[in-house]
Amino acid sequence: MKKNIFYFVFLLLIICNKNSFAQNTNTNIQNQEMQTFDSYKEVDYNQTLRPQFHFTSLKNWFNDPNGMVWYDGEYHLFFQHNPKDTKHGNMTWGHAVSADMVHWEQLPHAILPYGGGTIFSGTAVIDQNNSLGKQKGNNKTMVAVFTFAKEPFYQAAAYSTDKGRTFQLVNNGAAIVPNQGFDKGERDPKVFWHQASKKWVMVLWVKRGAKEGTPEEKLGKVRFFTSDNLTDWTMASDLEREWVFECMDFVELPVDGNKDNKKWLLYDASFDYEIGNFDGKTFTTDKKVFKGDFGTNFYAAQSFNNSPDDRTVMIGWMNQGKNSVFQNAGMPFNQQMSFPTTMELRTTPEGVRLYRWPVKEVEKLYSKSYKFKNLSVEKTEKKLSSVKAELIDMSIEFEPKNSIKLTIRGLEVAYDQKNGQFAFGTSKVAAPTIDGKVKLRVLLDRASIELFANEGAAVSTCYAVPEVGNYSISLSADGNTKINSLVINELKSSWTK
Ligand code: FRU
């Protein structure tokens, strides 16, 4: 009898042990088949269409920026990545780091699919107070919070004690926020530390639409949660809006640079936004909705958590779907990120609005600059005939008397004086005259054009491929138009050391 009991206990121990081992193999030891980064070293950044100062993955598909966070001298850019193909799929968090948001170094893929699910979008934070209790030595823990994409979706997390180089799943990859009842329609957690309430806050898109035919059907929802330890989350409030869809970001920004007057900005993947107040649980606004980008290819942007300075900087995915210019040209990579821009709230005659501006670090790439002041159209045309540049950061201020056309390497940017707007293809960017003047800044890379009108009051981010072999810039305008200033900076590649 005693012997039997002994065998029974022994068997039980084996079974228990086996179970816990099985759990570990499924979760903590992630799917190494997706760790394809070794093969990326065969590729360089020299292809004809490879963007030269916009982030791209060495190889394969990516979409949303994820986990953007600064820590100890490094900006981390994780991203939705397919480690095996130039199409969407196998979603994994790719990873790149940069000291200046301009020169990027891609690192091995950071968070790999596990347990039959993939890793969808999310954010990363630096656990300054060791809320998660995982800190080792002096390095603060980096905590990535993402959507575990296996129906029904839930929110999960992983942490790194070595500055994002390796990640462990929190609770073996189980839910930290369980499915809220909307199947796949709940994803892309934004997490940040809310200093005033001393809590972690999560902002989650939970659904567009309710039951078919109900008035709520069209409504998107943002669900706010709070937490003390990054693993136990309590629902705090819901915000319902028609415009809300995927990849919410939520940031606090000073108005006109005044730190005593801050407002919160909530935006979604297509960059609709509202400005309001947040008390740690509820976001209140006047429900006015604005647009943060007027281009054809700006999506799922997010901002760096734990910024090392007073700036809030965002990067968006320049989405161009399956048949992108890169895919069609047989490039080894697919899709590109927008150039990082600061986000500022400024008071305008219409109210407080968002302004975006390329980060000043772009200046590190300036190789040659041309500066002209107070010129007639005729003189400007003459001066421009000596300018040749491939990668461009140019600014112009003019006093329009009629419509104006800028042709940059074969790409036309037209100013329509009657409507007070620039047009590039189908994208229109408002630029009313201010004291009779209009300002435009243009960033041009091998596959993109970004327009910043009137100091970033309106921005347009678009795919655009300049004419190969054409390095000229020209201007045509009514002879009475005054060109107050024109600055053209030629850039060097950010990929050359
Ligand atoms: C937005 C999005 C996210 C999702 C991810 C999947 O582009 O659909 O909602 O997490 O892409 O790759």
Side-chain angles (χ1 to χ4, degrees), residues 31 34 55-57 60-68 77-96 109-114 116-124 144-158 173 175-177 179-180 182-191 202-209 220-223 241 243-250 266-273 292-293 295-303 314-324 327 333-338 461 463:
N31 192 349
M34 296 293 170
F55 177 78
T56 51
S57 170
N60 290 335
W61 168 275
F62 74 73
N63 48 293
D64 316 348
N66 290 156
M68 287 171 55
L77 174 64
F78 299 91
F79 45 89
Q80 283 290 282
H81 190 40
N82 186 345
K84 296 188 132 187
D85 205 337
T86 50
K87 300 187 192 94
H88 189 272
N90 300 318
M91 296 334 281
T92 293
W93 276 29
H95 189 195
H109 316 323
I111 307 177
L112 309 177
Y114 62 88
T118 56
I119 316 297
F120 270 19
S121 287
T123 48
V145 183
F146 55 84
T147 299
F148 181 66
K150 182 183 175 188
E151 291 174 42
F153 287 11
Y154 63 72
Q155 315 315 313
I176 57 166
V177 172
N179 185 271
Q180 305 289 296
F182 304 110
D183 194 18
K184 297 190 274 186
E186 42 188 288
R187 44 181 201 263
D188 317 327
K190 157 80 182 189
V191 173
M202 182 190 290
V203 184
L204 189 67
W205 172 70
V206 292
K207 192 166 164 68
R208 178 191 278 284
K221 216 183 256 191
V222 188
R223 185 159 286 179
R241 294 286 192 271
W243 59 267
V244 155
F245 187 69
E246 304 187 322
C247 301
M248 306 311 300
D249 194 10
F250 191 48
L266 179 76
Y267 62 97
D268 73 345
S270 58
F271 211 169
D272 291 323
Y273 73 86
D293 197 288
T296 43
N297 306 92
F298 192 82
Y299 203 70
Q302 61 172 250
S303 51
M314 69 162 10
I315 295 178
W317 162 38
M318 292 189 64
N319 62 327
Q320 212 193 25
K322 274 188 225 145
N323 297 317
S324 69
Q327 180 80 1
F333 62 95
N334 200 353
Q335 312 293 302
Q336 62 186 324
M337 292 295 179
S338 71
T461 306
Y463 268 71

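These values consider heavy atoms only, across backbone and side chains, with no hydrogens, waters or symmetry-generated copies. When a ligand or atom number is given, it counts from 1 through the structure's own listing order.
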Please tabulate, line by line, the atom pairs linking an N/O of ligand 1 to a protein N/O at a distance below 3.5 Å, with the distance in Å to 0.1, or answer 'none'.
| unit_1 | atom_1 | unit_2 | atom_2 | d |
| --- | --- | --- | --- | --- |
| ligand 1 | 7 (O) | D64 | OD1 | 2.8 |
| ligand 1 | 7 (O) | D64 | OD2 | 3.3 |
| ligand 1 | 8 (O) | E246 | OE2 | 3.1 |
| ligand 1 | 9 (O) | R187 | NE | 2.7 |
| ligand 1 | 9 (O) | D188 | OD1 | 3.3 |
| ligand 1 | 9 (O) | D188 | OD2 | 2.7 |
| ligand 1 | 9 (O) | E246 | OE2 | 3.3 |
| ligand 1 | 10 (O) | S121 | N | 3.1 |
| ligand 1 | 10 (O) | D188 | OD1 | 2.5 |
| ligand 1 | 11 (O) | N63 | ND2 | 3.3 |
| ligand 1 | 11 (O) | D64 | OD2 | 3.1 |
| ligand 1 | 12 (O) | N63 | ND2 | 3.0 |
| ligand 1 | 12 (O) | Q80 | OE1 | 2.7 |
| ligand 1 | 12 (O) | H88 | NE2 | 2.8 |

K84: side chain to side chain contact (heavy atoms under 4.5 Å, CB included) partners, not counting sequence neighbours: E33, M34, T36, N82, N90
Sub-4.5 Å side-chain heavy-atom contact between T147 and S121: no
Plane angle bin for F55 and F79 - parallel if under 30°, tilted between 30 and 60°, otherwise perpendicular: tilted
Residue list, side chain to side chain contact (heavy atoms under 4.5 Å, CB included) with T118, at least two apart or on another chain: M91, P113, F120, A149
Distance-only polar pair, side chains of Q320 and N297, donor-acceptor under 3.5 Å: no
Set of side-chain hydrogen bond (donor to acceptor under 3.5 Å, both in side chains) partners for S57, sequence neighbours left out: Q106
